[in-house]
Amino acid sequence: MNKSLLPLFALTLAVLTLGCRNQPKSAADAHIQVVMKKYTIEPAVIHVKSNQVTELEISSADVQHGFDVPGLGIKEPVRSGQPAIVTLKHPPKGEYKIVCGIICGPHHEDMVAKLVVE
Ligand SMILES: [Cu+2]
C-alpha cells in the first residue's frame with residue numbers, strides 16, 4: 001500500500017469500527033437467532049408477536065439448508081457461514097410450519113419447526 005494513504009486508511013477503519021459499535025442492527029422490535037443443521041431447526045418453536053417487526057437471523061451449522069415457511073410465502077436459502085435475514089413485518093396471527101427447503105441429506109424431511117405468531 002502507498003504510505004501516504006495509510007493514515008486515511010486507518011481513519012476510515014476507525015470510523016467504520018467505532019461507528020457501527022453502538023448502532024442497533026436494524027429497526028426491528030425483536031431479533032431471534034435460528035440455527036439449522038442436519039437435521040434440526042433450533043429453536044423448534046419460534047414465538048413472534050403479530051404487532052411487532054421480528055428479524056430472524058438464520059444460520060447453518062453445516063451444509064446449505066432452506067428456511068421455508070409456506071404459509072407466509074417465505075423461501076430463503078441459508079448458506080453455511082452466511083446467515084440469512086428474514087424480516088417478519090406484522091405477520092398474521094397463527095401457527096405456521098417451518099420446513100427445510102433444500103434437500104440436505106437422508107433425514108431432510110425431519111427438519112421441521114413451528115412458527116407461532118401471537
Ligand atoms: Cu436441511
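These figures come from a predicted structure and were not determined experimentally. For the numbers below, each heavy atom of this structure counts, side chains included, while hydrogens, waters and symmetry mates do not. In each ligand, atom 1 is the first atom listed, and ligand 1 is the first ligand listed.
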d(Cys100 SG, Lys38 NZ) to nearest 0.5 Å is 10.5 Å
At the Cu ion (ligand 1), what is the angle formed between atom SD of Met111 and atom SG of Cys100, rounded to the nearest 10°? 110°
Is the distance from the Cu ion (ligand 1) to some N, O or S atom of Gln64 under 2.8 Å? no
Just by distance, do the side chain of Asp29 and the backbone of Gln52 share a donor-acceptor pair under 3.5 Å? no
Side chain Lys93, main chain Ser50, donor-acceptor under 3.5 Å: no
Do other residues, nucleotides or ligands put more than 12 heavy atoms under 6.0 Å from the CD1 atom of Ile103? no
Round to 10° and report the angle made at the Cu ion (ligand 1) by ND1 of His65 and SG of Cys104. 100°
